[in-house]
Amino acid sequence: MRRLAVVVVFVLALPALAYARGAFYADKPLPTRSGATSASRIEPRFGRVASSLSGKSAQVRCWSALDWARINGDLLAHGGVGESLDFVSGFYRSDTGRIHLDPTACAGLVDLTYRSPRPQQGRSFVRIALGVDTLAHESMHRRGFRNEAVTECYAVQLVYKTAKALGASSTYAAAVSRQAWAAYPAHPPAYLSAECRDGGKLDLSPQRSTFP
């Protein structure tokens, strides 16, 4: 599936009428729960990491497969998204400050944060890198960046820091960062920038000779 190869995430802007109705499924009350679960919940540990990256209080909502499908139907019905959520890993709602992550991205974050295996190849490893990159990307949206190419370039440079904050060792965080960077060229064109490189205008650490 495409979302296992690349991270496709965005800032969501729904019509005001959808908010007025108060019926958007993604706004439903959720329990706060940490640990290895696939249930829809507010994930406090992921939220703390997102808050640290964004410099703002951020709530991270992890969704079950069934609930993600319901949110997808809601978005399509209200005309608030140009692409089905079947092909994206998360979105950010600027009006609520909430980050919404799909089941695959959340599973990768759960694997890294709460499970002991540390794969360095295969689907599980790709899923971990996707989850970390998605969380970093949406945190950059929460920080205030709206342009997708800028947001993703900053996110991929923050994968190492994000993985470390979630409990990865320096060595494993570096491996996750390399995987996220290897996947970068496969993003849609709107998420790519020629300045996302060592010494480029989007280089967050121009004094270093390594990238990302």
Verify whether one side chain among [X] and [Y] offers a donor that lies under 3.5 Å from an acceptor in the other.
X    : Y    : answer
Q120 : R118 : no
K56  : S51  : no
R142 : Y92  : yes
H137 : E148 : yes

For R197, salt bridge (charged side-chain N to carboxylate O under 4.0 Å, His left out) partners two or more places apart: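 R197 satisfies salt bridge (charged side-chain N to carboxylate O under 4.0 Å, His left out) with E195 once adjacent residues are dropped.
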What distance do [X] atom [atom1] and [Y] atom [atom2] have between them, rounded to the nearest 0.5 Å?
X    : Y    : atom1 : atom2 : result
T162 : F46  : OG1   : CZ    : 12.0 Å
C153 : L204 : SG    : CG    : 7.0 Å
D111 : R127 : CG    : CZ    : 4.5 Å

Any heavy-atom pair between the side chains of [Y] and [X] that's under 4.5 Å?
X    : Y    : answer
Y184 : C196 : yes
V60  : I42  : no
S40  : C62  : no
L158 : M140 : yes
S38  : S64  : no
W68  : V88  : yes
R115 : V110 : yes
I128 : P119 : yes

Using a strict 4.0 Å threshold on nitrogen-to-oxygen distance, state whether R208 and D198 make a salt bridge. no
Using the rule given for side-chain contact (heavy atoms from CB on, under 4.5 Å), can you reason through D102 versus L85, listing the C-alpha separation, both sets of side-chain angles and the distance that settles it, and then say yes or no? CA-CA 8 Å; D102 87 327; L85 292 187; over 6 Å; no
Looking only at non-hydrogen atoms, find the nearest pair between [X] and [Y] and report the distance.
X    : Y    : value
R33  : A39  : NH1-CB, 3.6 Å
A149 : L202 : O-CD1, 4.4 Å
A165 : R45  : O-NH2, 4.1 Å
L101 : E138 : CD2-CG, 4.3 Å
G35  : E43  : N-OE2, 3.7 Å
I99  : A58  : CD1-CB, 4.5 Å

Which residue in the set D74, D67, N72 passes side chain to side chain donor-acceptor pair (under 3.5 Å) when paired with Y25? D67
Distance-only, no hydrogens or angles: does the [X] side chain make a donor-acceptor pair with backbone N or O of [Y] under 3.5 Å?
X    : Y    : value
T151 : N147 : yes
H187 : Y191 : no
R61  : A26  : yes

Pair T96-Q59, side-chain contact (heavy atoms from CB on, under 4.5 Å): steps then yes or no: CA-CA 9 Å; T96 63; Q59 183 186 100; over 6 Å; no
Under the side-chain contact (heavy atoms from CB on, under 4.5 Å) criterion, do F24 and D27 qualify, and how do the steps go? CA-CA 6 Å; F24 189 37; D27 291 332; 3.7 Å; yes
Going by the angle between their ring planes, with limits at 30° and 60°, are H100 and F91 parallel, tilted or perpendicular? parallel
Identified side-chain contact (heavy atoms from CB on, under 4.5 Å) partner of S177 from the options V159, V156, D133: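 Answer after filtering V159, V156, D133: V159.
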Apply the test side-chain contact (heavy atoms from CB on, under 4.5 Å) to residues K28 and L30: give CA-CA distance (whole Å), side-chain angles for both, the deciding distance (0.1 Å), then the verdict. CA-CA 6 Å; K28 69 178 243 178; L30 289 178; 3.8 Å; yes
Would a single hydrophobic cluster contain both Y160 and Y172, if residues Ile, Leu, Val, Met, Phe, Trp and Tyr are joined by side-chain heavy-atom contacts under 4.5 Å? no
